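Let me begin by presenting the structure, written as structure tokens, before commenting on it.
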Protein chains: 2
Amino acid sequence: MEHNSALCPKFESAFTLLSKKWTGLIIQSLLAGPKRFREMADIIPNMSDRMLSERLKELESEGIVVRTVYPEVPVRIEYALSEKGTALETVMQEVQKWAEQWV
Amino acid sequence: MEHNSALCPKFESAFTLLSKKWTGLIIQSLLAGPKRFREMADIIPNMSDRMLSERLKELESEGIVVRTVYPEVPVRIEYALSEKGTALETVMQEVQKWAEQWV
């Protein structure tokens with residue numbers, strides 16, 4: 001997989017996005033289906049609510065996560081992967097396969 | 001891809017390792033073949049030598065990178081991916097594919 005001398009800028013920006021602390025785990029948790037904030041916070045130990053909220057905002061602005069507000073009483077807010085986010089499943093599967101064999 | 005309630009610890013530690021800033025790009029550059037320190041530093045813009053050296057030490061201790069010293073004059077030191085490191089190629093390819101389509 002020979003690359004030109006400089007690393008592919010798209011790869012670089014994708015990896016920079018994905019390599020932010022907690023991002024991979026948040027995406028992994030949403031691959032199993034839409035979640036509310038508290039559900040995600042419970043699944044990913046050691047991550048602060050402030051960090052989860054920051055990462056969700058970033059992922060929303062990147063078009064990877066979609067936030068839906070259900071006007072119920074009380075209001076229900078759910079986070080789900082967009083098509084762009086769901087397309088990350090194979091990346092996550094490959095990380096999982098590597099982890100099972102090598103970690 | 002349903003997971004038990006807590007995220008798989010192996011996935012978590014693999015993603016935490018891979019998501020350190022610059023690590024993905026260093027692995028990507030070594031997938032194209034063994035490199036000397038200066039060659040890697042030139043390929044990955046904006047990364048300090050101190051950071052590259054720190055990451056290489058971590059990757060060595062994780063068994064992902066192998067450092068070989070050739071007793072020539074002057075001494076030649078090369079970094080290459082181990083079998084464990086080379087096994088990351090599919091992860092990198094999936095990131096590249098996703099990046100080309102979505103970034």
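These numbers come from a predicted model, not from an experiment. Chain identifiers are assigned alphabetically (A, B, ...) following the order of the sequence lines, protein sequences preceding nucleic acid strands; residue numbering begins at 1 within each chain.
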I need the residue from A/L17, A/T23, A/V91 with the largest number of non-hydrogen atom pairs under 4.5 Å to chain B. A/V91
Are B/Y70 and B/M40 connected into the same hydrophobic cluster when the rule is that any two of I, L, V, M, F, W, Y join if their side-chain heavy atoms are below 4.5 Å apart? no
Heavy-atom distances under 4.5 Å only: say whether B/S13 touches chain A with side chain, backbone, both or neither.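 It is the side chain, since no backbone atom gets that close.
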Distance col, row B/Q93:CD vs A/E94:CD, nearest 0.5 angstrom, shows 8.5 Å
Once rounded to the nearest 0.5 Å, what's the spacing between atom NZ of A/K10 and atom CD of B/Q96? 9.5 Å
Result block: side-chain N/O donor-acceptor pairs under 3.5 angstrom for residues 58-67 of chain A, not counting sequence neighbours:
from: A/E58; atom 1: OE1; to: A/R55; atom 2: NH1; distance (Å): 3.3
from: A/E58; atom 1: OE2; to: A/R55; atom 2: NH1; distance (Å): 3.2
from: A/S61; atom 1: OG; to: A/E58; atom 2: O; distance (Å): 2.7
from: A/R67; atom 1: NE; to: A/Y79; atom 2: OH; distance (Å): 3.4

Taking only residues two or more places apart in sequence or in another chain, which ones pass side-chain hydrogen bond (donor to acceptor under 3.5 Å, both in side chains) with A/E83? none
Considering all heavy atoms of both residues, which atom of A/K84 and which atom of B/W98 are nearest to each other, and what is their separation?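 That closest heavy-atom pairing would be O-NE1, 2.9 Å.
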